[in-house]
Protein chains: 2
Amino acid sequence: MNATADRILDVGQELIQTGGFSAMSFQDIASEVGIRKPSIIHHFPTKAELGVAIIRRYRDTFASQLQQISKDPAKSSWDALEFYFSPFLFLASTPDKVCLCGALAGEIPALPEVMRVEVKQFIEAHQRWLEEILREGVELGELVLIDSPKSLSRVIFNSLQGSLLVRRSTEDVSQLKDLINAMRKLVKSDSSIQQIR
Amino acid sequence: MNATADRILDVGQELIQTGGFSAMSFQDIASEVGIRKPSIIHHFPTKAELGVAIIRRYRDTFASQLQQISKDPAKSSWDALEFYFSPFLFLASTPDKVCLCGALAGEIPALPEVMRVEVKQFIEAHQRWLEEILREGVELGELVLIDSPKSLSRVIFNSLQGSLLVRRSTEDVSQLKDLINAMRKLVKSDSSIQQIR
DNA sequence: TGTAAACTACCGAACGGTAGGTAGTTTGTC
DNA sequence: GACAAACTACCTACCGTTCGGTAGTTTACA
């Protein structure tokens with residue numbers, strides 16, 4: 001139904017992930033979608049509202065996928081963690097793209113206030129979820145951590161974000177995959193490994 | 001001597017670290033320094049050249065501090081690592097500022113080509129140096145690592161960069177200090193700690 | 001069922017503002 | 001007098017946004 005609005009969101013998100021929100025212009029989106037600039041404003045009255053719509057759609061999609069896997073009794077904490085890594089592993093094959101929240105976090109000062117609020121909530125949700133996976137894994141005896149769930153969830157989240165950003169300038173494509181492997185070492189499912197206090 | 005040029009570089013760097021290169025304008029710098037816009041262009045003909053000058057000055061300063069500490073026989077690898085963390089600990093008390101290379105890495109696609117080259121070299125130098133501290137620490141028996149020097153240096157560098165970026169939106173000021181503590185746990189100077197293979 | 005009102009999707013043209021950058025001129029100091 | 005440093009004035013390009021208007025579809029009601 002809202003085919004045009006969806007395409008605008010698709011193209012907009014792609015442009016944010018490759019070039020950032022500030023660099024994304026209505027003109028760029030219009031050219032890609034095949035309509036004129038004011039037609040975008042018909043669907044999304046301001047650039048800020050378009051930005052908010054893109055974030056909300058992404059977050060909602062992610063949240064529902066999240067729900068699905070955490071409610072599945074056949075999935076372990078390790079599976080959940082691997083699921084958390086999967087979008088980043090996918091990004092590892094698209095050298096010039098970063099994840100949406102990382103791209104937006106990188107230009108927080110230049111963002112309209114409404115978007116800053118949205119980005120903050122988005123990042124906090126990500127961190128909470130990862131922390132919960134780790135905490136539950138420890139409680140169930142499925143995971144052995146090198147550090148506290150809270151501290152380790154920050155390390156993993158921050159290094160994933162940092163890696164995506166840094167990778168774009170170093171053009172070292174293997175770095176992201178290496179990093180995820182390193183993260184797996186910090187979270188052991190093999191309980192024979194000695195835990196560091 | 002070049003008092004004005006230096007002030008332009010100072011203000012420019014400050015603006016990049018707080019708002020990014022794209023958001024920084026000649027007008028902003030001029031207002032802060034107390035001169036007119038074309039006077040900046042007199043010292044730095046293009047915005048790209050100003051950007052390159054800022055990066056080069058930062059890198060050269062950092063490199064010489066780096067030389068000093070690594071040549072001092074009284075300093076251990078652990079001291080060198082703490083020195084590496086020190087600028088980040090300083091940034092921990094300035095909530096809206098990120099480090100220069102992180103700010104620039106975040107907007108690589110929007111940067112002029114000459115600056116992209118400079119940023120790439122800057123980041124690679126940082127990573128190489130950190131890796132060298134760790135490698136030397138292991139060889140001297142001063143450090144016990146949770147992972148290989150190369151892999152761990154990436155984890156530390158990426159998570160520091162990511163943390164600065166993320167922190168600006170979450171406004172969680174303690175997160176950076178927590179992270180550095182977590183990093184210290186991944187690199188142990190206490191050899192009684194069991195090393196994970 | 002006919003028809004007028006309302007709505008949706010889109011368009012061309014233009015506005016106010018800001019960006020980086022240029023040309024030419026004045027000022028201050030060896 | 002030479003020259004660097006600073007100035008005023010101006011340019012082009014592009015940004016998000018607004019305006020006025022055009023089709024085509026849907027809705028409301030006599």
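In what follows, chains are A, B, ... by sequence order, proteins preceding strands, each numbered from 1.
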- Measure up the Phe157(A) and His126(A) rings against each other and bin them: parallel (under 30°), tilted (30 to 60°), perpendicular (over 60°). tilted
- Residues which pass ring pair (Phe, Tyr, Trp, His ring centres under 6.0 Å) with Tyr58(A), listed by chain and number, not counting sequence neighbours: Phe122(A)
- Message: Using only atom types and a distance under 3.5 Å, with no angle test, would you say the side chain of Glu32(B) pairs donor to acceptor with the backbone of Val11(B)?
- Response: no
- Message: What is the separation between atom CD on Glu49(B) and atom C1' on dG20(C), rounded to the nearest whole Å?
- Response: 13 Å
- Note on the structure: Residues passing the side chain to side chain donor-acceptor pair (under 3.5 Å) test with Asp79(B), sequence neighbours excluded, are Ser76(B)
- Task: Kindly point out which of dT17(D), dA6(D), dG20(C) is positioned nearest to the side chain of Lys47(B)?
- Result: dG20(C)
- What is the ring orientation for Tyr84(A) with Trp129(A), classed by angle as parallel under 30°, tilted 30 to 60°, or perpendicular over 60°? tilted
- For the pair made of CZ in Phe44(A) and P in dG16(D), what is the distance, rounded to whole Å? 15 Å
- Query: For the pair made of CG in Leu15(A) and P in dC15(D), what is the distance, rounded to whole Å?
  - Reply: 12 Å
- In terms of heavy-atom contacts, does CD of Glu124(B) have more than 12 from other residues, nucleotides or ligands at under 6.0 Å? yes
Taking distance alone, no hydrogens or angles, what donor-acceptor pairs closer than 3.5 Å link side-chain atoms of residues 104-116 of chain B to residues at least two apart or in another chain?
{"from": "Glu107(B)", "atom 1": "OE1", "to": "Ser22(B)", "atom 2": "N", "distance (Å)": "3.2"}
{"from": "Glu107(B)", "atom 1": "OE1", "to": "Ser22(B)", "atom 2": "OG", "distance (Å)": "3.0"}
{"from": "Glu107(B)", "atom 1": "OE2", "to": "Phe21(B)", "atom 2": "N", "distance (Å)": "2.3"}
{"from": "Arg116(B)", "atom 1": "NE", "to": "Leu111(B)", "atom 2": "O", "distance (Å)": "3.2"}
{"from": "Arg116(B)", "atom 1": "NH2", "to": "Leu111(B)", "atom 2": "O", "distance (Å)": "3.1"}

- Item | Residue pair Glu131(B) / Gln127(B), side-chain donor-acceptor N/O under 3.5 Å | no
- Query: Has the side chain of Asn158(B) got a donor or acceptor atom that lies under 3.5 Å from a matching backbone atom of Arg154(B)?
  - Reply: yes
Restricting both atoms to N or O, compile the protein contacts to nucleotides 2-5 of chain D shorter than 3.5 Å, with distance only.
{"from": "dA5(D)", "atom 1": "OP2", "to": "His42(B)", "atom 2": "NE2", "distance (Å)": "2.9"}

- Item | Residue-level proximity of residues 24-34 of chain B to DNA chain C when a heavy atom falls under 4.0 Å | Met24(B), Ser25(B), Phe26(B)
- Can you check whether Ser174(B)'s main-chain N or O pairs, donor with acceptor, with Arg167(B)'s side chain at less than 3.5 Å? no
- Message: One character per nucleotide, please: for nucleotides 22-30 of chain C, 5' to 3', B when the base has a protein heavy atom closer than 4.0 Å, S when only the sugar-phosphate does, - otherwise.
- Response: B--------
